[in-house]
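As structure tokens, the structure follows; a few thoughts come after it.
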Amino acid sequence: MTLHTIEWHTIPVNRTEEREWPRMNANYKMFVGGNWVEADGGKRFDSDNPFTGRSWASIPHGTTADVDAAVAAAKSALTTGDWPAMSASQRGALLRKLGDLIVEEADRLAEIETRDNGKLLNETSLQIRYTAQFYYYYGGMADKIEGAVIPVEKPNIHNYTRLEPIGVVAVITPWNSPLLIAAGKIGAALAAGCTVVVKPSEFTSASTLALAELFERAGFPKGVLNVISGFGHEIGDYFVGHPDVGCVAFTGGTSTGQRINEVAAKTFKKTVLELGGKSPNIIFEDADLDNAILGAVSGIFAASGQSCVAGSRLLVQRSIHDQVVERLVDFAKSIKLGDPMAPDTHMGPIATRPQYERVLSYFDIARSDGAECVVGGTPLDGDGQFVQPTIYTGVKNDMRIAQEEIFGPLLSIIPFDDDDHALSIANDTLYGLASGVWTQNMQRAFRFSHALQAGQVWVNMYRAASYMTPLGGYKRSGLGSENGKDHVYDYLHKKAVWMNYGEDAPQPFVQKL
Ligand code: NDP
């Protein structure tokens with residue numbers, strides 16, 4: 001029985017020893033203009049480990065003055081000094097060097113992320129190694145960004161396009177996979193010749209602050225990459241609205257994305273937004289059920305459901321509904337919750353206290369919606385931020401648990417009768433990030449792949465990703481897409497140049513058409 005998940009499983013992990021939680025206690029600094037700095041005013045805040053419930057790191061409490069300093073450093077590095085003087089090939093070489101350093105430091109970075117967000121070390125170790133691939137890929141693209149010569153119909157004109165960096169890119173990331181989510185944005189922006197200011201989530205700033213060290217070691221010129229830390233509700237609007245920011249690349253919740261777009265619109269900034277989802281994972285009666293069950297589990301219980309692409313609505317053909325429910329309930333009961341550092345843990349804690357409380361609130365919502373809970377559905381005893389794998393049946397697609405992104409391990413199972421019924425339920429959502437289809441019927445697989453309104457369709461697999469493949473959302477799941485070759489063009493202006501090598505006198509009052 002094989003589950004086709006992410007290719008990361010082919011990358012070896014060198015973790016040999018168990019580590020003890022209290023070992024680290026780190027005082028991080030922000031990285032601005034190539035200097036390691038405290039926040040303006042010197043304030044700091046604690047970063048808590050969601051497994052132990054204790055603070056494990058201290059983070060500078062950045063202010064709008066720090067935003068100004070970081071954006072000024074990035075603006076200066078864009079037009080003066082070594083970065084704009086470098087050839088595209090040299091920029092690419094730096095990105096590839098960075099990739100090598102990430103591989104070298106992957107164990108340390110993975111441990112930092114697990115401490116901050118409680119994600120399994122098994123997964124963060126693979127994720128961090130995989131982030132290196134983004135920098136190799138975009139490093140390879142840096143010197144393949146080409147304009148065009150356009151054979152305009154006018155005589156004696158040489159007309160061509162240049163692709164120029166869009167400016168300072170503001171990268172804003174969420175807490176669930178900070179370095180993986182930042183990698184495509186930073187890699188593509190730097191390949192394009194831009195400079196970057198990153199603001200990670202207040203809950204998981206440490207890994208991005210630690211990553212900055214590797215930019216320094218790789219030899220990037222000062223100010224090309226800056227990392228500030230702080231609270232989104234305090235500095236977010238100021239950062240996004242900053243007149244010297246040229247583009248905002250964001251992953252996070254849909255309401256934050258909406259806010260960012262409103263603020264960015266006032267200064268006509270481009271935005272690339274990766275937002276939330278309520279993705280349908282559809283099992284047909286002809287599916288390989290062993291794999292489909294594993295795919296359903298990976299869709300909702302991996303990362304404790306804290307995944308933007310979570311397959312949180314499981315649509316099951318009525319003829320196999322009871323069998324699927326029974327098998328999923330058995331599976332859910334076997335899931336081991338615990339220490340995310342331990343190699344045999346399946347699900348770690350919920351990453352943040354507010355998110356934990358939000359997830360728990362859906363137990364009551366599901367009850368008042370009238371859904372039937374077949375496993376889980378109650379808070380666990382103890383202090384930890386653990387939520388047990390929870391499955392609801394009898395779910396109607398208009399219930400809140402089927403329409404709202406929960407970002408936790410709560411699965412809604414919805415029966416369907418035939419293909420048309422499945423498709424109408426699947427697309428009946430405000431979101432459109434991902435989807436899964438489990439069938440052995442090729443015609444159906446293609447039909448659904450084309451008809452599903454979602455940025456990703458996985459057939460007989462779930463939760464796969466690649467730096468080469470675009471990731472973007474339909475409807476309220478986002479704007480634009482990231483990863484893949486095209487993402488570099490999000491960070492480029494297209495300029496047209498007209499060179500006249502004729503000798504005709506210009507017409508002063510009539511446009512040259
Ligand atoms: P949030 O939207 O709350 O926060 C995301 C980032 O935005 C954080 O760095 C946050 O800072 C910052 N932020 C908050 N307010 C503002 C503001 N006004 N202006 C600028 N930045 C701001 O998301 P979460 O961190 O809670 O992450 C969970 C959400 O992310 C889920 O909804 C999930 O679906 C989505 N997500 C989407 C993915 C995708 O690829 N589509 C991937 C992963 C997650 P701070 O933390 O300091 O508030």
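First listed ligand is number 1; within each ligand, the first listed atom is number 1.
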Run the side-chain donor-acceptor check on residues 203-214: report pairs under 3.5 Å with partners two or more places apart or on a different chain.
{"from": "Ser205", "atom 1": "OG", "to": "Ser201", "atom 2": "O", "distance (Å)": "3.0"}
{"from": "Ser207", "atom 1": "OG", "to": "Glu113", "atom 2": "OE2", "distance (Å)": "2.8"}
{"from": "Glu213", "atom 1": "OE1", "to": "Arg108", "atom 2": "NH2", "distance (Å)": "3.4"}

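Using a 4.0 Å cut-off between charged nitrogen and carboxylate oxygen, Arg217 and Glu105 count as a salt-bridge pair. A salt bridge between Lys270 and Asp490 is present, with a side-chain N of the basic residue lying under 4.0 Å from a carboxylate O of the acidic one.
Partners of Lys269 according to the salt bridge (Lys or Arg N to Asp or Glu O under 4.0 Å) rule, which considers only residues two or more places apart in sequence or in another chain, do not exist here.
Residues Thr114 and Thr124 have side chains that bring a donor and an acceptor to within less than 3.5 angstrom of each other.
Protein residues having at least one heavy atom under 4.0 Å from any atom of ligand 1 are Ile172, Thr173, Pro174, Trp175, Asn176, Ile181, Lys199, Pro200, Ser201, Glu202, Gly230, Phe231, Gly232, Gly236, Asp237, Val240, Phe250, Thr251, Gly252, Gly253, Thr256, Arg259, Ile260, Glu274, Leu275, Gly276, Cys308, Glu405, Phe407, Leu433, Leu471, listed by chain and number.
Within the structure, the ring pair (Phe, Tyr, Trp, His ring centres under 6.0 Å) test picks out the following pairs touching residues 469-490 (sequence neighbours left out): His487-Tyr491.
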